[in-house]
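Note that ligands are numbered from 1 as they come in the structure, with each ligand's atoms numbered from 1 the same way.
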Amino acid sequence: MNKSRPVIAYFSMEIGLEPRMPTYSGGLGILAGDTVKAAADLKVPLVGVTLLHRKGYFYQRLDAQGWQTEEPVAWVPADFLMELPARAVVQVEGRAVQIRAWVAEITGSGGFLVLVYFLDTDLPENSDWDRSLTGTLYGGDAHYRLCQEVVLGIGGVRMLRALGYKRVARYHMNEGHAAFLGIELLDEAARRAGRETFTREDVDEVKLQCVFTTHTPVPAGHDKFEMSLVDRVLDRREVRDMQDLFCAEGMLNMTHLALNLSHYVNGVAKSHGVVARQMFANYTIDAITNGVHGGTWAAESLAALYDRTIPGWRLDNYSLRYALSIPREQIWEAHDEAKRQLLRMVNRETNAGMDTDTFTLGFARRVTAYKRPGLLFSDLERLARIGSGRLQIIFAGKAHPNDQEGKETIHQIFQFAEQLRGRVTVAFLAHYDMDIARMMVSGVDLWLNTPEPPMEASGTSGMKAALNGVPSLSVLDGWWIEGWIEGITGWAIGSLPGVRKSREPDDAASLYAQLEQTILPLYYDDRDRYVDVMRHCIALNGSFFNTHRMLQQYVLKAYFE
Ligand SMILES: *Cc1c(COP(=O)(O)O)cnc(C)c1O
């Protein structure tokens with residue numbers, strides 16, 4: 001890449017580029033990876049900045065009762081990344097912490113190259129503690145996280161300078177974790193003005209450079225730090241002098257900082273924009289709905305079908321619109337092949353004995369309370385009546401190591417599976433990752449999504465399913481409000497927000513009714529119409545909920561406006 005041309009610097013605590021690189025935990029990281037890949041396809045001059053996460057987001061083991069244990073992921077960065085000689089230094093608790101960078105080269109479908117830099121403090125010059133800072137994603141306590149964010153934000157900007165990036169048109173903060181990049185930019189602005197410390201005068205200049213995407217209404221997604229901790233780690237008087245810029249309710253608040261330092265802020269779906277505007281009433285907040293990267297998430301059999309029928313779709317995901325003219329049999333055949341592959345893997349891993357003729361429902365995501373993974377099992381007898389001999393279910397997901405409730409949920413799902421044995425087969429796949437995700441979203445017949453509204457800002461796994469012609473049965477939250485046409489692209493659980501009173505028993509009843517009265521009969525008794533729904537998923541939703549469309553909106557609204 002020509003480093004004298006202006007670039008977009010895209011900062012994210014996690015970036016998921018490929019399954020064997022455990023540098024992501026879930027949707028946020030996958031989105032970042034899919035964004036970078038779209039930039040490579042569309043020839044958008046963008047560079048990614050993230051942390052190396054040498055121990056990865058954990059390796060999940062499940063025992064026979066479904067109890068999760070975690071291990072560091074053993075991976076070798078040099079297998080995927082090239083080490084660079086450049087060094088940057090940041091101050092942490094008064095110590096100079098040395099940072100090196102590794103680079104991943106992402107080649108777009110047209111040959112354009114986008115680089116992603118992984119920051120790494122595991123250098124012999126650093127203390128053991130400092131060496132561990134780029135080790136574990138979302139591990140450790142607030143102190144550890146704060147130090148990591150100093151490395152990501154301040155270290156990231158300094159590394160870009162060390163690498164020779166002179167002109168950065170925009171700094172895009174993918175979530176608030178990277179907001180300390182603003183401190184470095186304020187320092188740079190102050191130095192340009194001949195001052196030693198930054199002041200309010202520098203804020204407007206920095207704002208022009210920054211873009212912020214907020215990703216979740218869930219409080220744990222917004223980092224806050226005690227001021228005593230901030231004083232100790234950062235030791236910057238300006239933070240206390242300019243509390244209105246940095247703090248909310250007496251704590252340093254990364255979301256608040258990112259909001260205050262950005263000229264463009266967005267949520268990740270239309271409905272999330274509304275929620276974010278309520279949460280942060282004093283700011284102008286737009287919405288750009290997330291997407292997924294077509295080439296990454298289409299299963300082999302579906303990708304081969306698109307290559308045959310819609311040549312050029314990899315460079316232009318919009319053209320999936322033309323899936324409308326793919327004959328039904330071809331869509332069904334490609335799906336059947338993806339389903340075979342999935343079930344072969346499921347049977348090998350879990351000995352579930354699933355078969356291809358049975359309607360198969362999939363649910364996989366981070367196991368966390370608001371996603372309500374247990375909703376499907378609210379009434380086991382009803383589920384057994386509806387599904388006996390006609391339904392099989394595949395689950396996957398990791399609970400965060402500190403989330404005891406999440407771990408108990410996985411254990412419970414194992415118990416439900418036991419209780420349903422002989423009537424409805426339920427398999428739980430361990431170690432949900434990008435590989436398993438791609439097989440599941442393409443190989444099941446229906447993708448289930450049951451978050452508690454309005455907590456799911458967007459959700460992307462249902463978009464991956466749509467890209468593969470797999471319809472969603474989903475609560476009307478996040479992206480589904482935009483992608484849902486009842487009976488055409490999938491089915492709703494419950495009613496629209498505003499209309500709905502969030503009541504769990506109603507949602508469960510609605511889920512069961514949809515399966516029993518509409519979806520299973522359609523699948524078994526009117527296969528042509530089921531495949532029509534599949535085709536609409538590709539043509540209407542696959543063509544739109546992709547990162548090609550998404551990145552073009554960022555270019556128009558946030559990057560080069
Ligand atoms: C896509 C994906 C996610 C995010 O899915 P959501 O539906 O947004 O929760 C999480 N983990 C993996 C491995 C994925 O592939």
Q | Residue portion contacting ligand 1 (non-hydrogen atoms closer than 4.0 Å) for Asp433 | A | backbone
Q | ligand 1 N/O within reach of Thr460 N/O, cut-off under 3.5 Å | A | yes
Q. Is there a donor-acceptor pair closer than 3.5 Å between any side-chain N or O of Tyr264 and the backbone N or O of Asp286?
A. no
(Q) Under 4.0 Å, heavy-atom basis, I'd like to know which part of Ile30 is in contact with ligand 1: side chain, backbone, both or neither. (A) side chain
Q | ligand 1 versus Arg438: contacting region, heavy-atom distance under 4.0 Å | A | neither
Q) Would you say the side-chain atoms of Ser12 and Asn174 include a donor-acceptor pair closer than 3.5 Å? A) yes
Q. Does even one non-hydrogen atom of Lys371 get within less than 4.0 Å of ligand 1?
A. yes
Q | Short side-chain to backbone donor-acceptor contact, Ser510 and Gly494, under 3.5 Å | A | yes
Q) Can you tell which of Glu456, Arg366, Met463, Lys464 gets a heavy atom nearest to atom 14 (C) of ligand 1? A) Lys464
Q | Trp479 side chain to Asn290 side chain, donor-acceptor N/O pair below 3.5 angstrom | A | no
Q: Mind running side chain to side chain donor-acceptor pair (under 3.5 Å) on Thr35 and Tyr554 for me, showing each step along the way?
A: CA-CA 10 Å; Thr35 300; Tyr554 278 106; over 6 Å; no
Q: State the NE2-CG distance between His548 and Asp316, to the nearest 0.5 angstrom.
A: 7.5 Å
Q. Counting both backbone and side chain atoms, is some N or O of Ser461 under 3.5 Å from an N or O of ligand 1?
A. yes
**Q.** Contacting atoms of ligand 1, where contact means under 4.0 angstrom from a heavy atom of Ala437
**A.** 15 (O)
Q) Given Tyr432, Trp479, Phe363, which one has a non-hydrogen atom that is nearest to atom 12 (C) of ligand 1? A) Tyr432
Q: Evaluate the side chain to side chain donor-acceptor pair (under 3.5 Å) criterion for residues His272 and Asn266: first the C-alpha distance (whole Å), next the side-chain angles of each, then the deciding distance (0.1 Å), finally the verdict.
A: CA-CA 9 Å; His272 178 235; Asn266 70 292; over 6 Å; no
